[in-house]
Number of protein chains: 2
Amino acid sequence: MQLRMTNQREIILRELKKSRQHLSADELYDKVKKYMPRISLATVYRNLEILSEAGFIGKLEISGRQKRFDYDVTEHDHVYCAVCHRVDNLNIERQGLHTREIKSVKGYSVTGYRLEIVGICPACQKKAKQEKKK
Amino acid sequence: MQLRMTNQREIILRELKKSRQHLSADELYDKVKKYMPRISLATVYRNLEILSEAGFIGKLEISGRQKRFDYDVTEHDHVYCAVCHRVDNLNIERQGLHTREIKSVKGYSVTGYRLEIVGICPACQKKAKQEKKK
DNA sequence: TTAGTTTTAATAATCGTTATTATTTATGGA
DNA sequence: TCCATAAATAATAACGATTATTAAAACTAA
Ligand SMILES: [Mn+2]
Ligand SMILES: [Mn+2]
Ligand SMILES: [Zn+2]
Ligand SMILES: [Zn+2]
């Protein structure tokens, strides 16, 4: 079950890694179009799904928002801005947390967890401060 | 800023509390229709939003899924089944976790966090086991 | 070369949710 | 009580994100 690395997939993957951001499908579509103007948005969606299934990229399902895709496949959590929806990485030790929580979930066979810190990013804080002294 | 408790709101609230589950808008719509057959789905959506805004109920935005509404407004986290999307409550001490994570989010002004344990619920485990010995 | 498989672009369809609008219902004085 | 106006509703259209369909194109293996 090996994955054929088509031109489309190559460029999608390259642009995501290049960005070093947590991009949504349509943001990535805009970037990819620069190199492949005839690509379809559905192709981007389909291949992002395939690439994440194959472990080349991560898929982030932030609550109540668009999916975002992650250039970094190592296990880590995220913080996101409630105002502009920017997503940033978080580096905390997962092990301790994981095993501690598992115990309290009786009946379920636990496969993982998702931790989202919610807040306001530096840029949006600054913007809010400037608003106030209008 | 007081909220008028209309018949619609009363019944929506009552049925959610009665269920003691984490219902989606359309699941709740089905229950409410039994008592108020002419109610509109949009009314259910609108009032769930209003009721959660006013603190009568909780709103759960599980990653990549339909919103669910919570009869229990006290702070707690959730576990959900990756197969059937059932959501259950989790009782873990929030304090320790919260303050520990905050430190690693430099720049952001943190307003909260969301922890989702993902797994397979007892019912779905059983079903999978029966599948295997087909 | 050719037949079969996979992928693609284009586009339609779906799903959950929110917006619009005309009508109904509640409220608070004259 | 009557009226003005404000709020809420039912019905339905519109929306944004995503997935499904399909006919054509590109690839693969014999
Ligand atoms: Mn990341
Ligand atoms: Mn709950
Ligand atoms: Zn921000
Ligand atoms: Zn289940």
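Throughout, protein chains are lettered first and strands after them, A, B, ... in sequence-line order, and every chain is numbered starting at 1. All values below come from the heavy atoms of this structure, side chains included, with hydrogens, waters and symmetry mates left out.
- Counting any heavy atom pair closer than 4.0 Å across all strands shown, A/Thr6 reaches sugar-phosphate atoms only and no base atom.
- B/Leu48 is listed as a side-chain neighbour of B/Leu28, based on a closest heavy-atom distance under 4.5 Å.
- With A/Arg68 as the partner, the salt bridge (charged side-chain N to carboxylate O under 4.0 Å, His left out) test is satisfied by one option alone out of A/Glu27, A/Glu61, A/Glu116: A/Glu27.
- B/His78 has its side chain out of reach of B/Leu90: every pair of non-hydrogen atoms, C-beta onward, lies at least 4.5 Å apart.
- Among residues at least two apart or in separate chains, salt bridge (charged side-chain N to carboxylate O under 4.0 Å, His left out) pairs with a member in residues 39-52 of chain A are A/Glu49-A/Lys59.
- Here D/dA8 presents its C1' atom at 15 Å from CD of B/Glu10, a figure rounded to the nearest Å.
- Rounded to 10 degrees, the angle separating the terminal axes of the helix from C/dT1-D/dA30 to C/dA30-D/dT1 is 20°, with each axis obtained from five end pairs.
- In this structure, A/Asp77 CG and A/Tyr113 OH are separated by 4.5 Å, a value rounded to the nearest 0.5 Å.
- Note on residues 12-22 of chain A: pairs passing salt bridge (charged side-chain N to carboxylate O under 4.0 Å, His left out), not counting sequence neighbours, are A/Glu15-A/Lys18.
- Annotation: side chain of A/Ile57 is in contact with side chain of A/Phe69 (closest heavy-atom distance under 4.5 Å).
- Residue-environment remark: NZ (A/Lys33) exceeds the threshold of 12 foreign heavy atoms within 6.0 Å.
- Think of the region where chain B sits on DNA chain C: with heavy atoms and a 4.0 Å cut, that region ends 5' and 3' at C/dG16 to C/dT27.
- A distance of 13.5 Å separates NZ in B/Lys34 from CD1 in B/Ile39, rounded to the nearest 0.5 Å.
- Considering only heavy atoms from C-beta on, A/Leu13 stays 4.5 Å or farther from A/Leu16 through its side chain.
- Here the SG atom belonging to A/Cys81 is positioned 14.0 Å from the CD1 atom belonging to A/Ile117, to the nearest 0.5 angstrom.
- Considering B/Asp70, B/Leu23, B/Ile62 as possible partners of B/Val87, the one that fulfils the side chain to side chain contact (heavy atoms under 4.5 Å, CB included) test is B/Ile62.
- Looking only at side-chain heavy atoms (C-beta outward), B/Asn89 and B/His22 come within less than 4.5 Å of each other.
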Nucleotide-resolved protein contact map, nucleotides 13-20 of chain D, B/S/- at heavy-atom distance under 4.0 Å: ----SBBB
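- For the pair A/Ile39 CD1 and D/dA26 P, the interatomic distance rounds to 14 Å; values are reported in whole Å.
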Dump every N/O contact between nucleotides 27-30 of chain D and the protein below 3.5 Å, one line per pair.
none

